[in-house]
Amino acid sequence: GRHRLKRFNDGLARGEAALAMGMLLLMLVVAFAQALLRNLTNLGVGWANAGLSWLDWADFIISKGTLWLAFLGASLAVRGDKHISIDILPRLVSPRARMSMRGTSSVIGGIICFFLARAFYSAVLINGAELPADFAVLTPDGNLHVCAASAALLADSGMDAPGLFCGLRSVFHAIGAPLETPGAMFQLIAPIMFVFMSVRFVGQGIELFLRVSRGEIDDDPSAHGVTGAA
């Protein structure tokens with residue numbers, strides 16, 4: 001069971017790393033294309049201005065991509081035991097006490113991450129329930145989301161319903177998460193990664209307590225930066 005959980009955790013970490021690398025690559029390509037098109041526009045290249053107008057979503061990708069990289073990196077840091085920690089007391093105690101302290105702090109960290117996940121999820125839902133003007137179709141009965149508008153209403157308003165986004169919106173509505181904008185969907189990375197970090201913290205804490213109970217006191221201080229520990 002322990003080995004299966006480790007393999008699952010390792011596979012999840014590889015997926016997180018691949019996702020982070022993919023997002024970083026996308027951000028670099030988009031930022032480069034945006035800068036190139038701006039320079040070409042300044043030089044009077046006609047088609048560059050049209051390309052820059054098409055690339056109006058670049059700032060969105062860069063800002064949300066930064067958020068994704070931050071939380072994916074934080075989750076990977078927890079998995080690798082490379083997160084920031086205070087190591088004053090661990091330098092002064094025995095390996096058994098150090099393992100017990102690490103186990104306690106890991107469990108507490110997991111509980112904190114769980115409540116942060118709940119708080120961030122609630123905030124995402126509140127923010128995602130708002131209907132901005134860019135996604136609203138004006139009807140006699142008030143504003144209607146572009147994905148819920150009929151073809152006639154869309155034709156009258158001159159708006160299009162983005163198929164992929166509308167499909168995702170339907171899925172989120174079906175699972176009880178009414179998110180009305182792509183930005184709100186991207187923000188879900190925060191509560192999701194907090195859940196991952198919570199599970200990893202608690203798992204690390206339980207493993208440390210089990211090792212202490214079995215007398216497996218082989219804590220390596222250099223593994224977590226405590227090079228001067230006893």
Side-chain angles (χ1 to χ4, degrees), residues 4-5 7-9 11-27 30 56-76 78-79 110-203:
R4 282 195 294 269
L5 287 175
R7 285 197 298 269
F8 175 77
N9 191 25
L12 185 63
R14 286 193 293 270
E16 290 170 330
L19 186 58
M21 291 179 62
M23 181 60 73
L24 179 59
L25 180 61
L26 176 61
M27 291 169 62
V30 168
D56 59 355
W57 45 269
D59 291 338
F60 173 86
I61 289 294
I62 293 172
S63 63
K64 298 304 179 184
T66 302
L67 178 70
W68 276 52
L69 289 179
F71 279 96
L72 288 167
S75 181
L76 288 171
V78 171
R79 183 256 179 182
I111 294 172
I112 292 173
C113 285
F114 172 75
F115 283 103
L116 284 174
R118 290 184 57 184
F120 271 81
Y121 183 66
S122 298
V124 170
L125 289 183
I126 293 172
N127 180 57
E130 299 178 358
L131 179 57
D134 293 344
F135 293 90
V137 177
L138 184 61
T139 71
D141 299 322
N143 288 337
L144 185 66
H145 196 282
V146 64
C147 293
S150 64
L153 285 173
L154 290 174
D156 291 340
S157 64
M159 299 179 67
D160 295 320
L164 177 59
F165 165 64
C166 289
L168 290 173
R169 176 179 176 270
S170 299
V171 172
F172 281 115
H173 273 254
I175 62 176
L179 302 177
E180 307 294 1
T181 63
M185 295 178 184
F186 270 85
Q187 289 171 353
L188 280 175
I189 192 68
I192 291 173
M193 288 298 104
F194 269 125
V195 169
F196 285 6
M197 285 187 277
S198 177
V199 172
R200 280 174 169 149
F201 268 131
V202 173

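Computation of the quantities below employed the complete heavy-atom set of this structure, encompassing side-chain atoms and omitting hydrogens, waters and symmetry-equivalent molecules.
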Practice task
Drop me the distance from Leu69's CG to Ile189's CD1, to the nearest 0.5 angstrom.
Solution key: 9.5 Å

Practice task
Can you label the angle between the Phe186 ring and the Trp68 ring as parallel, tilted or perpendicular, going by 30° and 60°?
Solution key: tilted

Completion exercise
Note: Val137 and Ala149 closest approach over all heavy atoms is CG2-CB, 4.1 Å

Practice task
Find the distance between CG (Leu179) and CG (Leu125) and round it off to the nearest 0.5 Å.
Solution key: 6.0 Å

Fill in the blank from the handout: Rounded to the nearest 0.5 angstrom, the CZ-CE distance for Phe172 and Met185 is 5.5 Å

Handout entry: Exercise: identify the closest heavy-atom pair between Leu144 and Leu131
Key = C-CD2, 4.2 Å

Handout entry: Rounded distance (nearest 0.5 Å) linking atom CG of Leu76 with atom CG of Leu12
Key = 8.5 Å

Handout entry: Partners meeting side-chain contact (heavy atoms from CB on, under 4.5 Å) with Ser122 (sequence neighbours left out)
Key = none

Side-chain polar contacts of residues 57-67 - donor-acceptor pairs under 3.5 angstrom, sequence neighbours left out - could you list them?
from  : atom 1 : to    : atom 2 : distance (Å)
Trp57 : NE1    : Trp54 : O      : 3.0
Asp59 : OD1    : Gln34 : NE2    : 3.3
Ser63 : OG     : Asp59 : O      : 3.1
Ser63 : OG     : Phe60 : O      : 3.0
Thr66 : OG1    : Ile62 : O      : 2.8

Exercise for the section: Kindly state each residue pair satisfying side chain to side chain donor-acceptor pair (under 3.5 Å) with at least one member in residues 183-200, sequence neighbours excluded. Expected result: Asn9-Arg200, Glu16-Arg200, Ser75-Arg200, Asn127-Gln187

Practice task
Could you check if a side-chain atom of Glu180 sits within less than 4.5 angstrom of a side-chain atom of Glu130, using non-hydrogen atoms only?
Solution key: no

Handout entry: Residue pair Ala136 / Met159: nearest heavy atoms and the distance that separates them
Key = O-SD, 3.5 Å

Exercise for the section: Would you mind reporting whether Leu188 and Tyr121 have side-chain heavy atoms less than 4.5 Å apart? Expected result: yes

Practice task
Can you label the angle between the Phe120 ring and the Phe194 ring as parallel, tilted or perpendicular, going by 30° and 60°?
Solution key: tilted

